[in-house]
Every structure is written in C-alpha cells, then in structure tokens.
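Down below is the structure, laid out as structure tokens.
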Amino acid sequence: MAKEEAKKWDDRYREKEYAYGIKPNVFFKKEIEKLNISKILFGAEGEGRNAVFTKTLGHDVVAFDISHEAKKKALKLAEQNGVTLDYKVGELPNLGFKPKSFDVIALIYAHFPSIIRQEYHKMLDTLLKPGGYIIFEAFSKNHLKYKMENPKVGGPGDLDVLFSIDELKSDFKNYNIIQLEEKTIELDEGIYHIGQGSVIRFIAKKQ
Ligand SMILES: C[S@@+](CC[C@H](N)C(=O)[O-])C[C@H]1O[C@@H](n2cnc3c(N)ncnc32)[C@H](O)[C@@H]1O
C-alpha cells in the first residue's frame with residue numbers, strides 16, 4: 001500500500017515543474033506569519049513550498065513525506081532560497097520523532113490514505129507540545145463535484161481521503177478550536193491546483 005502510494009507520488013514529482021508551485025499556500029502563509037513559534041513539523045510536505053518559505057522566516061523546520069522524489073525537489077527549492085531543510089522520507093511511525101517536540105504541526109493538503117488517517121493524526125497529536133498549534137488546509141468531501149466540473153483543480157477522487165469537519169473534531173479532541181470551516185475557494189497553486197475547490201481550514205491550539 002505505502003509502496004504503491006509512494007510510487008504514484010514519485011511519478012508525479014519526477015516531472016520538471018513543481019506540482020503545486022513554489023510559493024507557500026496562501027492560508028498557511030497568513031497563519032504562520034501570525035504565530036510566535038520555533039519548531040514546526042510539516043506532514044506530507046511534498047516538494048517543500050511551505051517548509052522552505054517557513055525556513056526563510058528563521059524557524060526550525062522539519063518535514064516528512066513518503067516520496068523520495070518530493071524530497072529531491074524540496075531540497076532543490078531550499079537551495080534556491082538559500083536555506084537547508086531537515087526532510088525525512090518514510091512512514092511516520094518509523095521516523096523517530098520525539099513526543100511533545102514541536103510547536104506547530106502543518107498539514108497542507110496532507111491527504112493520507114484513509115486507513116491510516118486517524119492513526120497518523122493521533123501520532124501527530126503526540127508530537128505536538130501542549131499549547132502548540134495545528135494549521136490545516138485540505139479538500140473537503142464536497143470537493144468531488146468541483147473536481148468533476150474542472151479536473152484541473154485536482155485533489156483526491158476518493159471520498160474516504162477527503163475531509164469533513166466532524167472528522168477533524170473527532171481526530172483532534174483535546175484542542176481549542178480557533179477556526180474550523182468549510183469554504184469554497186479559488187486555487188492557483190502550480191499546475192495541479194487550479195480553479196474553484198471546497199476546502200476545510202482548521203486552526204487549533206492543543207490544551
Ligand atoms: C497533495 S500532495 C501535498 C503536498 C504538500 N503538502 C503541498 O501542499 O504542496 C499530498 C502529499 O501526501 C504525501 N503522502 C501520501 N501518503 C503519505 C504518507 N503515508 N506519509 C507521508 N506522506 C504521504 C504524498 O507523497 C504527497 O506529497
């Protein structure tokens with residue numbers, strides 16, 4: 001399963017262009033600039049657009065993904081921006097992160113396969129310090145109709161891998177919710193997120 005998923009993403013990231021562009025996600029950028037943090041973990045970070053931007057702000061950044069090709073492109077982007085990245089490739093349970101070691105966990109379009117989603121969210125919760133924040137944006141279950149009308153907006157085609165507000169509430173129970181909304185937005189990210197889509201935006205502080 002993980003091997004198939006990694007192969008799918010490696011194939012995409014072997015393309016010359018950056019799939020979701022080289023600029024940070026608009027919502028993530030706005031939120032991270034508000035927070036006074038030091039150490040941040042990016043899950044399913046892909047080609048590094050958000051991690052590299054955050055590193056240029058001077059924060060301590062760690063990223064992970066299952067795709068080796070993603071890491072190569074992320075390190076290249078980091079070099080172009082004059083920074084370095086601590087980027088691990090593999091499955092989260094094997095990466096050796098320490099409990100309560102991050103101030104922020106960033107999950108931007110981190111559509112983990114549905115059979116591991118809950119376990120991954122639980123594990124990510126243990127890595128966050130009390131008082132730390134989750135910053136999350138990803139496609140909602142209502143996104144399917146937008147994808148059908150306009151395939152260029154991208155996103156998973158499987159309802160199970162798309163998110164609902166209830167799933168996030170249930171995965172992150174011991175949190176004060178600062179923002180949790182489903183919204184139709186206009187995406188303009190690289191070559192695979194173009195057009196109108198339905199997303200969930202979630203900011204929460206761990207108790
Ligand atoms: C839509 S991309 C988002 C990439 C990046 N966060 C961004 O917004 O540019 C989804 C990413 O999830 C990664 N992924 C899928 N399953 C994963 C897993 N089990 N562990 C870590 N990353 C995974 C893929 O390799 C891919 O890079």
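Counting convention: from 1, in listed order, for ligands and their atoms alike.
Counting only distance, with no hydrogens or angles, the side chain of Tyr120 and the backbone of Phe112 share no donor-acceptor pair below 3.5 Å.
In this structure, His143 has its ring center no closer than 6.0 Å to that of Phe163. Under the 6.0 Å cut-off for aromatic ring centres, Tyr109 and His193 qualify, their centroids lying closer than that. Note: Phe64 and Tyr87 fail the aromatic proximity criterion, with ring centroids not under 6.0 Å apart.
Proximity to Tyr13 (heavy-atom distance under 4.0 Å) selects the following atoms of ligand 1: 2 (S), 4 (C), 26 (C), 27 (O). Within ligand 1, the atoms closer than 4.0 Å to a non-hydrogen atom of Tyr20 are 1 (C), 2 (S), 9 (O), numbered from 1 in the order shown. Every atom of ligand 1 with a heavy atom of Ile116 under 4.0 Å away is listed here by number and element: 19 (N).
Every N/O-N/O distance between Phe112 and ligand 1 stays at or above 3.5 Å. Of the N or O atoms in Phe64, none lie within a sub-3.5 Å distance of an N or O in ligand 1. Taking distance alone, with nitrogen or oxygen atoms compared against 3.5 Å, Arg49 approaches ligand 1 more closely than that limit. By the 3.5 Å distance cut-off applied to N or O atoms, His111 is not counted among the residues near ligand 1. Residue-to-ligand polar distances place Asp65 within reach of ligand 1: an N/O pair is separated by less than 3.5 Å.
Given atom 20 (N) of ligand 1, the protein heavy atom at minimum distance is Ile66 CG2, 3.6 Å. In terms of protein heavy-atom proximity, atom 4 (C) of ligand 1 is closest to Ala44 O, 3.4 Å. Closest protein heavy atom to atom 10 (C) of ligand 1: Tyr109 O, 3.4 Å.
Geometric assessment of Arg49 against the ring of Tyr18 yields a negative cation-pi assignment under the 6.0 Å and 45° thresholds.
Judged by the shortest distance from any of its heavy atoms, Asn25 lies outside the 4.0 Å radius around the atoms of ligand 1. Using 4.0 Å as the threshold, Pro113 has a heavy atom nearer than that to some atom of ligand 1. Remark: distances from the non-hydrogen atoms of Tyr192 to ligand 1 are all 4.0 Å or more. For the ligand labelled ligand 1, residue Glu45 lies inside the 4.0 Å heavy-atom shell.
A salt bridge does not link Glu69 with Lys73: every distance from a Lys NZ or Arg NE/NH1/NH2 to an Asp or Glu carboxylate oxygen is 4.0 Å or more. Salt-bridge check for Glu167 with Arg117: passed, with a basic side-chain N closer than 4.0 Å to an acidic carboxylate O. For the pair Arg14 and Asp11, the salt-bridge criterion is met [side-chain N within less than 4.0 Å of a carboxylate O].
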Pair Ser140-Ser198, side-chain hydrogen bond (donor to acceptor under 3.5 Å, both in side chains): steps then yes or no: CA-CA 6 Å; Ser140 80; Ser198 173; 2.6 Å; yes
